[in-house]
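Chain letters run A, B, ... following the sequence lines, proteins first and then strands; every chain starts at 1.
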Amino acid sequence: MIRVTRDDFSVDEEIRRIVRPSVGGVATFVGTVRDESEAGRVTRMEIEVYPEMAERQLEAIRGEAIEKFGVEDVLVVHRYGDLNVGDNIVLVAVAAGHRAEAFDACRYVVDELKKRVPIWKREHTPAGGRWVEAGRPD
Amino acid sequence: MRLRVRYFASVREFTGLREEEVDVPDGATAEALKRSVLNRYSSLRGQEMLVAVNGAFAEPQRTLKPGDEVALFPPVSGG
């Protein structure tokens with residue numbers, strides 16, 4: 001379950017999509033727009049995406065997480081477009097039988113997303129806009 | 001052969017285009033196409049660019065075929 005969208009999401013509604021009787025816990029990560037960066041005060045953010053490739057990459061990462069950690073399901077929603085401080089950017093939710101694999105898989109998906117999904121953030125500060133520099137793949 | 005090339009984020013801004021068609025010799029590699037775009041836009045010099053072919057990251061030596069969709073963009077920063 002992968003979605004790249006302009007629209008906001010409800011964590012509760014999304015979690016309902018991946019909970020089933022075999023699930024004992026759901027780990028979630030929600031990324032939001034912070035009001036500061038190394039560039040200074042952030043007033044808003046634009047997010048650009050290469051949608052077809054992003055969905056494909058996210059599907060691949062989802063499959064890896066399910067296989068590697070033996071979790072029940074993984075859901076990712078990533079937004080693009082114009083966002084304000086405090087807005088949701090991304091949701092990663094992992095449903096699993098037990099908490100350890102849910103936490104591990106959730107972290108794996110967030111880390112891989114930041115490395116290889118074609119999405120770019122542009123921060124706006126009082127001095128102007130700037131593309132967020134990527135963390136180097138490790 | 002003419003290939004559709006899409007640009008994203010800072011690369012889109014430096015080229016001023018979301019996409020265009022680029023002529024490359026038959027059998028050209030992903031690296032050759034990237035160099036051809038770099039030569040066309042002096043504003044791109046010094047920019048780190050990644051290459052994707054048909055929606056997947058491509059090795060520099062990847063041979064391009066007619067109909068391939070190529071994308072050039074900076075390192076990603078989502079999440």
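Hydrophobic clustering (ILVMFWY, side-chain heavy atoms < 4.5 Å, transitive): B/M49 and B/L64 are in one cluster. When hydrophobic clusters are built by joining Ile, Leu, Val, Met, Phe, Trp and Tyr residues whose side-chain heavy atoms come closer than 4.5 Å, directly or via intermediates, B/F14 is not grouped with B/L50. Cluster annotation: B/V70 and B/Y41 are assigned to the same hydrophobic cluster (Ile/Leu/Val/Met/Phe/Trp/Tyr, side-chain heavy-atom contacts under 4.5 Å, transitive). Hydrophobic cluster membership is shared by A/V90 and A/I2, with clusters built from Ile, Leu, Val, Met, Phe, Trp and Tyr side chains linked at under 4.5 angstrom. In the hydrophobic clustering of ILVMFWY residues, with side-chain heavy atoms under 4.5 Å counting as a link, A/I18 and A/V77 come out together.
In this structure, A/R17 places its CZ atom where more than 12 heavy-atom neighbours from other residues, nucleotides or ligands lie under 6.0 Å away. Other residues, nucleotides and ligands contribute at most 12 non-hydrogen atoms within 6.0 Å of the CZ atom of A/R99. Environment of CD in A/E67: sparse, with no more than 12 heavy atoms of neighbouring residues, nucleotides or ligands closer than 6.0 Å. Surrounding CZ of A/F9 are more than 12 heavy atoms belonging to other residues, nucleotides or ligands, all under 6.0 Å away. Other residues, nucleotides and ligands contribute only 12 or fewer heavy atoms inside 6.0 Å of the CZ atom of A/R107. Enclosure of atom CZ in A/R41 is not indicated, since only 12 or fewer non-hydrogen atoms of other residues, nucleotides or ligands lie within 6.0 angstrom.
Along residues 15-36 of chain B, no residue comes nearer than 4.5 angstrom to chain A, judged on non-hydrogen atoms.
For a residue to count as touching a neighbouring chain, one of its non-hydrogen atoms must lie under 4.5 Å from one of that chain's; by this rule A/V110 does not touch chain B. Only the side chain of A/I89 comes within less than 4.5 Å of a heavy atom in chain B; its backbone stays farther off. Using a 4.5 Å cut-off between heavy atoms, A/R116 touches chain B through backbone and side chain atoms alike. Contact of A/V49 with chain B is made through the backbone alone, with heavy-atom distances under 4.5 Å.
Looking at heavy atoms from C-beta onward, A/E48 lies out of side-chain contact with B/F73 at the 4.5 angstrom threshold. Using a 4.5 Å heavy-atom cutoff, the side chains of A/E52 and B/R6 are in contact. Using a 4.5 Å heavy-atom threshold, the side chains of B/P74 and A/W120 count as touching.
Between B/N54 and A/R56, the closest heavy-atom pair is O-NH1, 2.5 Å. A pairwise comparison of heavy atoms in A/M53 and B/A52 identifies SD-CB, 3.5 Å as the closest pair.
Taking OG of B/S77 as the reference point, atom CD of A/E123 lies at 9.0 Å (rounded to 0.5 Å).
Between chain B and the options A/H78, A/R122, A/K121, heavy-atom pairs under 4.5 Å are most frequent for A/K121.
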